[in-house]
Amino acid sequence: MNENTKKHLRDFIRDKISTDLTEGINDFIVTRFPPEPNGYLHIGHAKSICLNFGVAEEFGGRCNLRFDDTNPTKEEQIYIDSIIKDVNWLGYDSESNIHYTSDYFEQLYEWATFLVNKKLAYVDDLTPEEIRNYRGTLTKPGTESPFRNRSAEENADLLERMRAGEFKDGEKSLRAKIDMASPNINLRDPVLYRILSKAHPRTGDTWKIYPMYDFAHGQSDAIEDVTHSLCTLEFEDHRPLYEWFLENLPVLSKPRQYEFSRLNLSHTVLSKRKLIKLVEDNFVLGWDDPRMPTIAGMRRRGVPPTAIKDFIERIGVTKSDGIVEMSYLDNTIREHLNQTSLRRMAVLDPLKVIIDNFPEDLEDKLEAINNPNDESAGTREISFSREIYIERSDFLEDPPNKYFRLAPGKEVRLRYAYLVTCTKVIKDSNGKILEVHCLYDPESRGGNAPDGRKVKGTIHWVSAQYSNKANVNLYKNLFNSEMPDTGEDWLDNINQDSLEVRENCYIEKCLTNSTAGETVQFERLGYFCLDSSSEINNIVFNRTVSLRDTWTKKTSKVN
RNA sequence: UGGGGCGUAGCCAAGUGGUAAGGCAUCGGGUUUUGAUCCCGUGUACCGUAGGUUCGAAUCCUACCGCCCCAGCCA
């Protein structure tokens, strides 16, 4: 999709920004993507990334990458690094405009003392458990803390001593003085600062207290002159708090928060807690396991970033939460790869075919088209020989009607090579087919017979002599159920067959020059790319996504 | 049963008072040296339900129903 044909994206957020611009409420749009560096980015984050960076691009504004690093107990530098890499890979500038909430710790602290002096915040001695009990429930109002009415002077002193590290974790906290009876629980004197004796990845040991999300986010937006703070639906209840801080603090700009629904994808999980579980308990091989819905996993699987962006654009931005079918993502990936990927041949379940009337020592070099959708991709040479491999599923001794492949006495086209007819089947004592013998039509070089006879079936093949061996990883959905995320037994839904390793595959010679990340099509099979672990003596390919297959769909329906 | 949201075909989603876009999937058909791609066609959506206002309602009003989120010193 080039600039001219690219459709104009429209949704309630872009509509709002449009009118804000035309009505002069803003003259420059600033958004931000605010990940907490406590895990790898996944496809759900991609939605937020594409929205925030996309909107900034479309309206000529700016999008800040801001690490929301207010909780050192969970955050790590490796996550910061991975996030920068992933955002960049998606095609957005993640390096020249990086911000950290921790850069604002001093300012945030100053604002905390400001609230203390205005008697809008107080130091509470209640323990976390007591605070919970005092908070009330969804239907019962909370109770005010006995420490709620300390003097500004005492609070200022206590806050200073909290910062100085005079108290143990959990011993005291700073709370906003709002309304313990509010029907919105977020307004029942939310905690602003907690004591955490934990070194921070960036600020080290300089802080003993750390701001909570609610006290940090809106103010950070204000500091960065963010105009539209776009977040997911679960923060809707926090908006009154977000605004409360902006109204009661001497901030210089007034960002506005807008909420959209987060992405739910079928047959996978998209919560960081669950993804961490999959990694740490070795249900997958790591954050970048190709079965993971992480950006890193999809990259390793061979998914192009443009396909991810396109998918995000297709599903739209709304406030209604639904679940998008994984097949929709797969389909979008296929669509992109179909246009761009080079065609190659590989056999993943080899069955040897011997062409009895083909010269024994001849290496017949044939011409094959690299990409029928892109003439500029040109052609390549592939070597044909007397012994070749075909897919075991492309031969049937007793084929059903309309089986357009190889069978005894039947003729089939070997793609870009010759027409061959099966003459003999060799089996072992158990009846397993060991090899198949054929005769070829020497006049059919390239695939067409001079007499013009029609041969319906075309199958792929690889020369036994002029080829390389490889391992191929075939991936399926990580979860069997459509919505594994519901319920405590989500791990029971894991698909035990999500990874199938084919160790005896043959690939055409030129595939040895592949590089990781360059996805090619194995004709009639699907899209594949070299795995990052691949070595010259141990070539490994990953299946990105299969080709659509109406044949097996049709035959399995009959059964 | 406190508060905040959401309910348009299997899925996503336009629509903002004038008589239901589009994409994906499905199912047909055509082209094809990938059973892929491509092309053409294909959907009685009681617009959550029930009332009401109106000449006219998916759009406005009322009530009800269903689903999601909130009781971390997580974000």
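Below, chain A is the first sequence line, B the second, and so on; all start at residue 1. Everything numeric here is computed off the predicted structure, so don't read it as measured data.
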Mind checking A/S327 for me? I need base, sugar-phosphate or nothing, with any heavy atom below 4.0 Å counting as a touch. nothing
What about the rings of A/F522 and A/F541, do their centers lie closer together than 6.0 Å? yes
What is the separation between atom CG on A/L241 and atom P on B/A71, rounded to the nearest whole Å? 13 Å
Contact class for A/S266 (heavy atom, under 4.0 Å): base, sugar-phosphate, or nothing? nothing
Test the A/R163-A/Y109 pair against the cation-pi criterion, namely NZ or CZ under 6.0 angstrom from the six-membered ring centroid and within 45° of the ring axis. yes
A/I315, nearest nucleotide to its side chain (from B/A75, B/C73, B/C12): B/C12
A/Y242-A/H238 aromatic ring centre distance below 6.0 Å: no
Side-chain contact check for A/K74: nearest option of B/C12, B/C74, B/A13 is B/C74
Scan residues 266-276 of chain A for pairs that pass salt bridge (charged side-chain N to carboxylate O under 4.0 Å, His left out), counting only residues two or more places apart or in two chains. A/K274-A/D485
With the criterion being N/O to N/O and under 3.5 Å, what pairs connect the protein with nucleotides 67-70 of chain B, and how long is each?
unit_1: B/C68; atom_1: O2'; unit_2: A/D321; atom_2: OD2; d: 3.2

Under-4.0 Å salt bridge between A/R239 and A/E259: yes
Geometric cation-pi criterion A/R161 and A/F167, 6.0 Å radius, 45° cone: no
With a 6.0 Å cut-off on ring centres, are A/H200 and A/F105 close enough? yes
From C-beta outward on A/E325, which listed nucleotide comes closest to its side chain: B/C11, B/G5, B/U34? B/C11
Please name all residues satisfying salt bridge (charged side-chain N to carboxylate O under 4.0 Å, His left out) with A/K16, sequence neighbours left out, ordered by chain then number. A/D20
Distance, P atom - from B/G41 to B/G22, rounded to whole angstrom: 11 Å
Check whether the ring centres of A/F67 and A/Y79 lie less than 6.0 Å apart, and answer yes or no. no
Whole-angstrom distance between B/C39 and B/G48, as gauged at atom P: 34 Å
Is there a donor and acceptor pair, one atom on the side chain of A/R405 and one on the base of B/G35, closer than 3.5 Å? yes
Polar atom pairs (N or O), protein with nucleotides 38-40 of chain B, under 3.5 Å:
none

Looking at B/A25, B/G4, B/C73, which one has an atom nearest to any side-chain atom of A/N331? B/A25
Any chance the rings of A/Y193 and A/F215 have centres within less than 6.0 Å? yes
Over all strands shown, is A/P372 touching base, sugar-phosphate only, or nothing at heavy-atom distances under 4.0 angstrom? base
What integer distance in Å separates A/F12:CZ from B/A13:P? 11 Å
Between B/U34, B/U37, B/C6, which one does the side chain of A/N373 approach most closely? B/U37
Go through B/G5, B/C24, B/C12 for me and flag the one nearest to the A/R314 side chain. B/C24
Using OP1 and OP2 only, check whether a side-chain N or O of A/R194 sits under 4.0 Å from B/C74. yes
Using the purine O4'-C1'-N9-C4 or pyrimidine O4'-C1'-N1-C2 torsion, is B/G56 syn (within 90° of 0) or anti? anti
Is it the case that over 12 heavy atoms from other parts of the model lie below 6.0 angstrom from the CD atom of A/Q77? yes
Spacing of the P atoms in B/C64 and B/A57 (rounded, Å): 24 Å
Closest to side chain of A/E36, choosing from B/G72, B/A13, B/C74: B/C74
Interatomic distance at C1', B/C47 relative to B/C60, whole Å: 16 Å
Toss me the dot-bracket line for RNA chain B: Watson-Crick and G-U wobble, both under 3.5 Å, 5' to 3', using | for pairs to another strand and [ ] for crossers. .(((((((.[[[..)..(...]]]..((((.......))))......[[[[[..)....]]]]])))))).....
Between A/T550 and B/A36, is there a side-chain N or O to OP1/OP2 distance below 4.0 Å? yes
Pairwise salt bridge (charged side-chain N to carboxylate O under 4.0 Å, His left out) hits with a residue in residues 134-148 of chain A, at least two apart: A/E144-A/R148, A/R148-A/D189
